[in-house]
Amino acid sequence: MATIQVSRGTRDILPSEVSYWQLIERSAREILDRAGVSEIRTPIFEQTELFARGMGEATDVVSKEMYSFTDRGDRGLTLRPEGTAGVVRSLIENNLMAQGGVQRLWYVGPMFRYERPQAGRQRQFHQLGLEMLGSADPRADVEAIAIATDILKAIGLKDLTFDLNSIGDTTDRAQFREALVAYLTPYKSDLDPDSQDRLTRNPLRILDSKDKNTQKILDSAPSILDHLSDASKARFDRVQQLLADLSIACQVNPRLVRGLDYYSHTVFEIQSADLGAQATVCAGGRYDGLVTELGGPETPAIGWAMGLERLVILLQKLGNDTSVTPVDFYVISKGVVAESQALKLVQQLRQAGFKAELDLSGSAFGKQFKRADRSAAAACLILGDAEAEKGTAQLKWLASGDQSELVQSELASHFEAWRAVLQG
RNA sequence: GCGGGCGUCGCCAAGUGGUUAAGGCAGCGGUUUGUGGUACCGCCAUUCGGGGGUUCAAGUCCCCUCGUUCGCCCCA
């Protein structure tokens, strides 16, 4: 086969699917705008160093999933694998934290990770994310979360589960890590191979192993929640209280840890049971250390990202497609003069705010009527040689079959009446 | 990166070694040379993701490859 296909892990978003994307983006924009969140657009590639430092050298994303390349000037660049690092870089670079206060920002766009594709996971995928910087207040966590749940609700998703956890601060985590390793080491040979490996490299991640036997061993393992400092504990309690005040239902999951190094305190994950292995639809958490890690002033922050492909999959399963807005006028014509007049009428209709479609086939009127029918148009405008000569057009309402003749130059005089008919 | 399934027309899909690759939807044309939605008729894959092999004979068996899908890893 000589035809060129899309690259592995990428796909086209065809017109039949695009209405779902628009629904998501429209709903999100509206909610974010009401919440005083500003959009930010950062480049799709950045210096490789940014992601390596931001996400953590040892993370899978950085160590084996980045689309990195060298440009003609020998610069080491990477297609962004996530959105947060770029936004934080921009904030620092443009000194946006200088005026103090809280920065509320959101972004949407493609991200890139070199992974094996699966349903709900591609090499080029899209995320919509929120970043709130400059407040360590637990209310910031809850405000960010509430915006996420509002968006999910607005696009009509239900039956999502919301897991919440606190992974404390660096000290809490170090202590817990020690306790966990101490507990697990005697069981080392009983753990699944991946977890055995993680025991030294990243023990916290053993907690969300899917291996049954490992999970069994974890049943009596120490819990992060018992290793939080009093302050961290109080903070987490406050977050839960505030969520309850907003009637946002969540379940505390002490085994929830996140993949990227920069998280601290609040972490959360919203999942759907209808997505198979790629269940997470929105996830995020607090990242108080990231801004300084990237060379900026000490700035507490919380953020999240949603996977748009996954949301689209869920919407498609719900099936309330909103893509077809019916045509108001379908314009058919035959003959050189009539055809050019028809083009003009279409133009006038559109400029007046009607949705008009022009039949370009030049085929027999019978065929053109068939297409008018299929377009689900309310009315059909007909121009043939006879009308062209008189400067008129036939208007036929397709549902009733009522037909009348009008003068082309007086088209605008009918607009008001048509609008009334089309709205009724 | 690892393991399993699948790959026949735009879509759905029969076919499981014998040869002319069913059928449905959509599309196009006609019955209906300027009036649609129904009905009927016709057309629509020298080819079965690609390449190689086995065989007198392959969409049907084998190998490789590409893609896809499910799971692992990881993650949105």
Side-chain angles (χ1 to χ4, degrees), chain A residues 1-11 14 16 55 58-66 81-84 108-129 148 152 192-195 197-198 201-202 205 208-211 214 257-260 268-272 275-285 303-314 330 332-335 338 359 361 363-377 379-388 394-403:
Chain A
M1 183 187 286
T3 55
I4 297 173
Q5 300 169 293
V6 288
S7 305
R8 184 167 164 80
T10 69
R11 52 192 288 277
L14 299 173
S16 58
M55 285 189 279
T59 59
D60 278 49
V61 173
V62 170
S63 62
K64 51 187 199 201
E65 293 175 2
M66 295 208 297
E82 56 100 50
T84 302
V108 64
M111 307 292 164
F112 306 83
R113 288 180 201 173
Y114 191 90
E115 297 185 276
R116 179 128 174 204
Q118 237 173 282
R121 178 206 286 163
Q122 293 154 230
R123 291 182 174 180
Q124 174 175 337
F125 60 105
H126 297 77
Q127 288 187 334
L128 186 149
L152 295 171
D192 61 282
D194 282 320
S195 293
D197 192 46
R198 284 183 288 216
R201 292 207 357 265
N202 196 351
R205 300 219 46 97
D208 52 22
S209 166
K210 285 175 189 165
D211 184 83
T214 300
V257 291
R258 311 252 51 246
L260 309 179
F268 70 96
E269 207 164 86
I270 299 174
Q271 301 189 321
S272 162
L275 285 171
Q278 269 60 243
T280 303
V281 125
C282 173
W304 49 253
M306 295 182 185
L308 298 192
E309 278 78 1
R310 293 179 187 178
L311 295 179
V312 169
I313 291 171
L314 291 175
Y330 191 92
I332 71 180
S333 55
K334 190 138 185 66
D359 191 302
S361 69
S363 49
F365 275 115
K367 294 294 166 196
Q368 297 199 51
F369 269 105
K370 268 186 190 163
R371 275 185 222 101
D373 224 41
R374 258 177 263 141
S375 76
C380 193
L381 218 47
I382 307 135
L383 285 91
D385 291 334
E387 290 78 12
Q394 304 289 332
L395 174 74
K396 181 170 186 177
W397 296 94
L398 289 173
S400 63
D402 293 345
Q403 186 169 328

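Throughout, a chain's letter reflects where its sequence line sits, starting with A, and its residues are numbered from 1.
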Once you apply a heavy-atom cut-off of 4.0 Å, does Ile382(A) come out as touching a base, just sugar-phosphate, or nothing?
base

Write down the distance separating the P atoms in A22(B) and C44(B), rounded off to the nearest Å.
11 Å

Do we see a donor-acceptor contact under 3.5 Å between the side chains of Arg123(A) and Ser7(A)?
no

Are Gln368(A) and Ile382(A) side-chain neighbours, meaning at least one heavy-atom pair lies under 4.5 Å?
no

Provide the distance between the two P atoms, one in C28(B) and one in G10(B), to the nearest whole Å.
16 Å

Of the listed A76(B), G34(B), C74(B), the closest approach to the Glu65(A) side chain comes from C74(B)

Residue matched to G67(B) through Watson-Crick or wobble contacts both under 3.5 angstrom:
C6(B)

Identify whether any heavy atom of Gly335(A) sits under 4.0 Å from a base atom; if not, whether one sits that close to sugar-phosphate; answer base, sugar-phosphate or nothing.
nothing

Would you indicate whether the side-chain heavy atoms of His126(A) and Val312(A) approach each other to under 4.5 Å?
no

Between Asp211(A) and Ser209(A), is there a side-chain donor-acceptor contact under 3.5 Å, judged purely by atom types and distance?
no

Is Arg198(A) near enough to C74(B) that one of its side-chain N or O atoms lies under 4.0 angstrom from OP1 or OP2?
yes

With rounding to whole Å, what would you report as the distance between C25(B) and A21(B) at their P atoms?
23 Å

Looking across every strand, which nucleic acid part, if any, lies under 4.0 Å from Asp385(A) by heavy atom: base, sugar-phosphate, or nothing?
base

Would you mind telling me which residue lines up with the more 5' stretch of RNA chain B, Ser7(A) or Asp208(A), judged by nearest nucleotide?
Ser7(A)

Between the side chains of Glu82(A) and Arg113(A), is the shortest nitrogen-to-carboxylate-oxygen separation below 4.0 Å, so that they form an ion pair?
no

When the C1' atoms of G27(B) and U68(B) are considered, how many whole Å apart are they?
27 Å

Side-chain-base donor-acceptor pair under 3.5 Å for Lys396(A) and G36(B)
yes

Which atoms form the tightest heavy-atom contact between Cys380(A) and Phe369(A), and what is the distance?
SG-CE2, 4.0 Å

Between atom NZ in Lys334(A) and atom P in U35(B), what is the gap in whole Å?
13 Å

Return the value, rounded to whole Å, for the distance between atom CZ of Phe125(A) and atom P of C75(B).
11 Å

Contact class for Arg205(A) (heavy atom, under 4.0 Å): base, sugar-phosphate, or nothing?
sugar-phosphate

Gly120(A) near the nucleic acid: base, sugar-phosphate alone, or nothing, with a heavy-atom cut-off under 4.0 Å?
base

What interatomic distance, in whole Å, is found between P of U38(B) and the corresponding atom of U47(B)?
35 Å

Distance between the C1' atoms of C70(B) and G29(B), in whole angstroms?
44 Å

Complementary nucleotide for U16(B) - Watson-Crick or wobble, under 3.5 Å
none

Any side-chain N or O of Lys367(A) less than 4.0 Å from the OP1 or OP2 oxygen of G34(B)?
no

Across the strands shown, which category fits Glu387(A) at heavy-atom distances under 4.0 angstrom: base, sugar-phosphate, nothing?
base

P gap between A13(B) and A57(B), integer Å
33 Å

For the pair Arg201(A) and Asp197(A), find out whether any cationic side-chain nitrogen is under 4.0 Å from an anionic carboxylate oxygen.
yes

Can you tell me if the side-chain N/O atoms of Gln118(A) get under 4.0 Å from OP1 or OP2 in G71(B)?
yes

Pick the nucleotide of RNA chain B nearest each of Ala377(A) and Arg371(A); which residue has the one closer to the 5' end?
Arg371(A)

Can you tell me the Watson-Crick or wobble partner of C72(B), both distances under 3.5 angstrom?
G1(B)

Tell me: CD of Gln127(A) to C1' of A76(B), nearest whole Å?
5 Å

What's the gap between G17(B) and C11(B) when it is taken at their C1' atoms, as a whole Å value?
29 Å

Complementary nucleotide for G42(B) - Watson-Crick or wobble, under 3.5 Å
C28(B)

Check whether the side chains of Gln394(A) and Glu387(A) place a donor and an acceptor atom closer than 3.5 Å, and report yes or no.
yes

Counting Watson-Crick and G-U wobble pairs only, both distances under 3.5 Å, name the nucleotide matched with C61(B), or none.
G53(B)

Taking N and O atoms by type only, does the side chain of Gln403(A) place a donor or acceptor under 3.5 Å from a partner on the base of U35(B)?
yes

State which of A76(B), C74(B), G34(B) makes the closest approach to the side chain of Gln394(A).
G34(B)

What integer distance in Å separates Gln5(A):CD from U65(B):C1'?
12 Å

If the cut-off is 4.0 Å, is Arg8(A) near the phosphate of U68(B), judged by side-chain N/O to OP1 or OP2?
yes

Indicate, with a heavy-atom threshold strictly under 4.0 Å, whether Ala386(A) touches base, sugar-phosphate, or nothing.
base

Checking only heavy atoms, does the side chain of Arg116(A) share a donor-acceptor pair with the base of C72(B) at less than 3.5 Å?
no

Whole Å only: how far is the CZ atom of Arg123(A) from the P atom of A76(B)?
18 Å

Decide yes or no for Val61(A) and Glu115(A): does some side-chain heavy atom of the first lie under 4.5 Å from some side-chain heavy atom of the second?
no

Applying a 4.0 Å non-hydrogen cut-off, can you work out what Gly401(A) is touching in the nucleic acid: base, sugar-phosphate, or nothing?
base

Give one of base, sugar-phosphate or nothing for Ala119(A), where a contact means two heavy atoms less than 4.0 Å apart.
sugar-phosphate

Given G34(B), G1(B), A76(B), identify the nucleotide with an atom nearest to the side chain of Tyr114(A).
G1(B)

Would you say Phe369(A) stacks on U35(B), if stacking means ring centres under 5.5 Å apart and planes within less than 30 degrees?
yes

Between G3(B) atom P and Lys210(A) atom NZ, what is the distance in whole Å?
19 Å

